[in-house]
Structure formats: C-alpha cells, structure tokens
Protein chains: 2
Amino acid sequence: MLPEEQRCPHNEQVNCANCRLNSICLPLAIADDDIIKLDEIVQRGKPLHKGDKLYRQGSDFRSVYAVRSGAIKAYSVSPSGEEQVTGFYLPGEILGVDGISSHRYSSTAVALDTSAVCEIPFEQLESLSLQLPKLQRHFFQLMSREITDDQKLLTLVSKNSAEERVASFLLSMSARHTRRQLSEQRFHLPMSRQDIGNFLGLTIETVSRVLGRFKKNLLIEVDGRDLFIADLDGLRAVARVNH
Amino acid sequence: MLPEEQRCPHNEQVNCANCRLNSICLPLAIADDDIIKLDEIVQRGKPLHKGDKLYRQGSDFRSVYAVRSGAIKAYSVSPSGEEQVTGFYLPGEILGVDGISSHRYSSTAVALDTSAVCEIPFEQLESLSLQLPKLQRHFFQLMSREITDDQKLLTLVSKNSAEERVASFLLSMSARHTRRQLSEQRFHLPMSRQDIGNFLGLTIETVSRVLGRFKKNLLIEVDGRDLFIADLDGLRAVARVNH
DNA sequence: TTGGCATTTTGATCTGCGTCAAGGCTGCAG
DNA sequence: CTGCAGCCTTGACGCAGATCAAAATGCCAA
C-alpha cells in the first residue's frame with residue numbers, strides 16, 4: 001500500500017478546511033469561518049526524515065503538533081536514566097501538550113518514518129481559544145483524552161500479562177488505522193520491537209516470543225513490521241479489553 | 001496531630017481569597033478581583049465521610065473538584081474487571097478532569113477520610129476561562145501536569161523495582177505535605193496497603209515486606225498508617241528519582 | 001470486656017518474564 | 001559478490017515478586 005502522503009500529496013492539503021484528517025484532528029466541530037482563523041496560525045513545515053527530532057525533552061515549549069503523515073514516537077528519560085516511550089502518534093493525532101505545564105517539553109519526539117506535521121504555536125492557540133469557545137472545549141477534551149489514555153495504559157502495564165499487553169497494543173493500532181479509513185487487519189508497524197517493548201513495559205525478547213505465539217495460534221501473520229490480523233475476535237479474546 | 005480542618009475550620013474559609021490553599025489550588029496567579037468571580041461559581045458542599053463517593057465512573061460529568069481537607073482516592077475498573085487506583089488527591093489538589101473528554105467520569109472518587117471539597121461546575125469554569133486568560137492558562141497547565149505526572153507514574157511502574165516504587169511513593173507524599181507547610185518527615189498515610197499496592201502495581205504483601213525492610217534499614221519508622229521518614233536522603237538514594 | 005471482621009505482617013513456594021547467549025535475516029556499502 | 005551492522009528470533013536459566021497460607025494486630029460494636 002502506498003503511504004498516505006503519496007495518495008494525498010501534501011501540496012494539495014494547503015489548509016485545514018480541506019484536510020482529510022480534520023475530523024480527527026483539531027477542527028472537529030468548529031464552524032467553517034472558524035477553521036479559517038485556525039488555519040492562519042497553523043504552520044506547515046517541511047517533511048521530517050526518519051530519525052529527525054521534532055522537539056527535545058527540556059527544550060522551550062512553543063508549539064503543539066498535529067501529525068499529517070508518517071509516525072512520531074515520544075519518549076522521556078527519567079532522572080535515574082530510565083528511558084520510557086510514552087506514546088506513538090499517527091496521522092490526525094496531536095502531540096506536545098506535555099510541555100504546557102512547565103514551559104519545557106517533558107519528552108523528546110522523533111520521526112519513525114518520513115513524516116509531515118502541522119505546527120500550532122501555543123500562545124496563538126491560547127488567544128484563539130479565548131475567542132472560539134468550541135476550540136477551547138476541543139482542547140480541554142483533547143488533553144482530558146490524553147489523561148484517560150495514559151491511565152488505561154497504566155492499567156494495562158501494571159495489571160495485565162505480556163500477551164494481553166501485546167494484543168491490546170495491536171488492537172489499538174488497528175483501531176487507529178480504522179479511524180482513518182484504512183484496513184483494520186493489515187498495516188505496517190512503524191516502530192521497532194524495542195520500542196513496542198519499552199512502551200508496554202516488556203523486553204524485546206518477550207515481545208518477539210508473544211508475537212511468535214500469536215502467529216502459531218493463527219491470530220496474526222507477521223513479516224518483520226508488516227502485520228496482518230487474521231483473527232480479530234481471537235485477538236480481542238486474548239486482550240480481554242474492548243477495542 | 002489534628003486534622004487540618006480542625007486547625008482551620010471550614011466555616012472560616014468562606015471564600016477562595018482567604019483560603020489557605022489558594023497558592024496550590026486554582027487561583028494561582030489570578031488577580032484579586034478575578035478571584036471573586038471564580039469564588040462565585042465555586043460551591044462548598046458538606047463534608048464527605050470516609051467511604052462516601054464524590055462521583056462514579058460512567059456517571060455524567062458536571063464538575064471538577066478541589067480538595068479542601070482530608071484525602072480522596074480515584075480508581076477505575078477496566079472492561080476486563082481489573083481495578084486500578086489512578087491517584088490520591090490531597091488538600092489543594094484538583095480531581096475530576098478525566099471526565100471532560102467523554103462527558104462521563106472515567107473513574108470513581110471516594111473519600112479515604114472525612115473530607116471537604118469545593119465543587120467547580122465545569123460549564124461555568126469554561127465560560128469564565130473565556131473571560132480570564134490566566135484562568136484558561138492555569139487550567140491548561142493543570143491538565144498538562146496531570147499528563148506528565150501520569151507518564152512519570154507509568155515509568156515508575158514499568159521500569160522500577162518494588163523498593164524504588166515504594167520509596168518514590170513515600171517521597172511523593174512527603175513532598176506534597178511539605179507544599180502545605182506540614183512536616184516533611186512525619187505524616188499519616190490516608191490509604192491502605194492494598195491501595196498503595198494497587199496504585200504502584202504491587203501486591204499488598206510486597207508493599208508490607210518492602211516497608212518492613214525500610215524499617216529494618218532505619219530509613220523509616222511505621223506504625224500502621226503513621227509514618228516517620230528517619231532518613232530522607234537514604235530513601236532518596238533507594239528511589240533513584242529526585243523528589 | 002469480648003467477639004468479630006478488616007487489615008497487616010510474615011513465611012513458604014511457585015512462576016512469568018527478565019537476563020544472558022547464540023544464531024538468523026535483511027539491507028546497504030564497498 | 002562479500003562483509004558488516006541493525007534488528008529480530010529462539011533457547012536455557014534465574015530471580016523478583018506473585019500466590020497461597022496462616023498468624024498477628026487493630027478497631028469498633030455490643
């Protein structure tokens with residue numbers, strides 16, 4: 001399958017109003033003339049290459065970012081030196097809000113593939129939110145969702161087995177692809193086994209073994225990072241969590 | 001030690017402006033005449049008794065709450081039936097923001113002791129935030145802090161040993177007491193071992209054993225839920241995280 | 001005071017996943 | 001083509017913390 005940016009090139013998406021992702025990104029439920037105002041503050045940068053950093057932990061917070069294509073990984077390093085992957089961001093998703101509280105990003109964001117993002121300067125977003133109640137509400141909801149997602153992840157990591165965690169992760173990826181009208185069953189994982197393991201609190205070997213078992217039980221087919229979920233309900237049964 | 005509400009009775013704290021907690025609660029950095037507007041929408045209910053529910057997972061979201069005295073525990077039950085304690089809220093802290101995204105609370109909040117809270121109806125808070133840029137900003141920061149706190153907790157639970165987790169937890173409680181001008185070393189734990197274990201992804205037996213080891217190593221003294229941190233630096237060394 | 005229930009502690013044993021080690025696969029550079 | 005580096009898989013073994021069990025302690029009500 002072609003990457004999304006090739007099926008719907010960047011240069012055709014010159015504004016928020018005609019962006020294919022606008023139903024899952026910021027402008028949700030904002031009136032047309034309001035989208036224009038939002039559009040004026042959004043900056044569309046040049047594509048990031050694999051490995052490029054979008055922002056770094058500890059650097060000054062200025063903007064939040066919406067992913068347009070590709071995939072971004074966010075991770076933070078604790079004072080004790082532990083590295084923790086805090087999230088993967090796919091097209092239509094917003095990252096960077098963790099920087100608001102301390103005026104510095106609390107994580108580093110790196111492109112996992114060639115990616116494109118929209119930069120939204122936060123001060124301007126704040127001003128606009130004062131004028132557009134729906135935008136303010138949308139932003140409160142967005143942050144609240146990040147909180148509930150983090151709490152679900154905490155439950156997953158602290159209460160579920162390795163198989164349940166990996167199954168939930170695959171189903172989460174699947175659901176997020178579905179939201180973008182892409183295949184529910186067949187997709188590419190943009191991150192390494194290392195990243196998956198770190199995110200889920202598992203070692204790379206355990207992730208590999210669990211995927212091997214899923215394959216043996218005919219739940220999935222895997223070839224490197226290409227994934228096919230052969231038995232969605234079977235995987236849901238393993239995850240014991242609704243996705 | 002007397003509970004705070006007895007040293008500083010409720011009926012003397014009739015408004016936000018003279019509330020002893022206002023430096024760590026909402027009105028931070030808000031001008032005096034703005035505090036009055038905020039004060040008008042805040043509702044001060046009667047005290048909650050131990051075990052009383054402030055709100056329930058799945059019920060309609062209407063308000064966020066500021067703890068005035070006592071202690072509140074928030075927990076959620078996943079579709080698979082796992083119970084996860086998502087946080088403990090002490091005087092000056094805000095809870096309930098997890099309900100914004102889906103218009104329903106994603107957790108249940110229960111009083112661990114006799115407690116008093118201020119109720120802040122969210123629709124009115126939203127309206128006021130449109131008029132008071134500082135309040136909007138404060139609220140964005142508050143939610144962003146909740147996100148970064150959750151991510152730190154995730155790192156703690158997924159990357160650290162039982163001893164590191166318990167030590168970090170005790171230091172976190174200590175730091176939050178210090179913020180309220182209370183003893184850094186001596187305080188009462190309002191929650192059970194069960195709750196601590198659940199919060200940290202450990203069993204009650206492990207929590208008990210770790211506390212026993214800390215006691216043996218003269219890091220702490222414990223008598224039930226009364227705690228004295230005898231060696232703060234020693235405990236910090238065990239936690240390997242700055243608190 | 002006594003009884004009963006919830007909470008905590010302590011001990012013995014078990015196990016899922018981490019750790020260590022080795023080998024395979026893929027893609028790129030020369 | 002060959003060699004090398006990154007990434008992934010597979011196997012053998014050990015251990016931190018879970019589980020199972022039971023006793024100790026605290027707390028409140030009658």
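By convention in this document, chain letters (A, B, ...) are assigned in the order of the sequence lines, proteins followed by strands, and residues within each chain are numbered from 1.
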### Query
So how far is it from A/I229 CD1 to A/L171 CG, rounded to the nearest 0.5 Å?
5.5 Å
### Query
Could you give the CD-to-P distance, from A/E205 to C/dG24, as a whole number of Å?
17 Å
### A/R240 and B/E82 ion-paired at < 4.0 Å
yes
### Query
Starting at NZ of A/K215 and ending at C1' of D/dC8, how long is that distance when rounded to a whole Å?
11 Å
### Task
Grab the CG-P distance between A/D226 and D/dC8 for me, whole Å please.
12 Å
### Query
Is there a side-chain polar atom (N or O) of B/S161 under 4.0 Å from OP1 or OP2 of D/dA16?
no
### Task
Could you tell me whether the side chain of A/R213 has a donor or acceptor atom within less than 3.5 Å of a complementary atom in the base of D/dT10?
no
#### Entry: Of the listed nucleotides C/dG18, C/dC17, D/dA18, the one nearest the side chain of B/T206
D/dA18
### Query
Given atom CD1 of B/I204 and atom C1' of D/dA18, what is their separation to the nearest angstrom?
13 Å
### Query
Does a nitrogen or oxygen in the side chain of B/R225 sit under 4.0 Å from OP1 or OP2 of C/dT7?
no
### Message
From the set C/dG11, D/dG11, C/dG18, return the single nucleotide nearest to any side-chain atom of A/R209.
### Response
D/dG11
### Summary
Against the side chain of A/S208, the closest entry in D/dT10, C/dC17, C/dT8 is D/dT10
### Task
Return the nearest nucleotide to the side chain of B/R193; candidates are D/dA12, C/dT9, D/dT9.
C/dT9
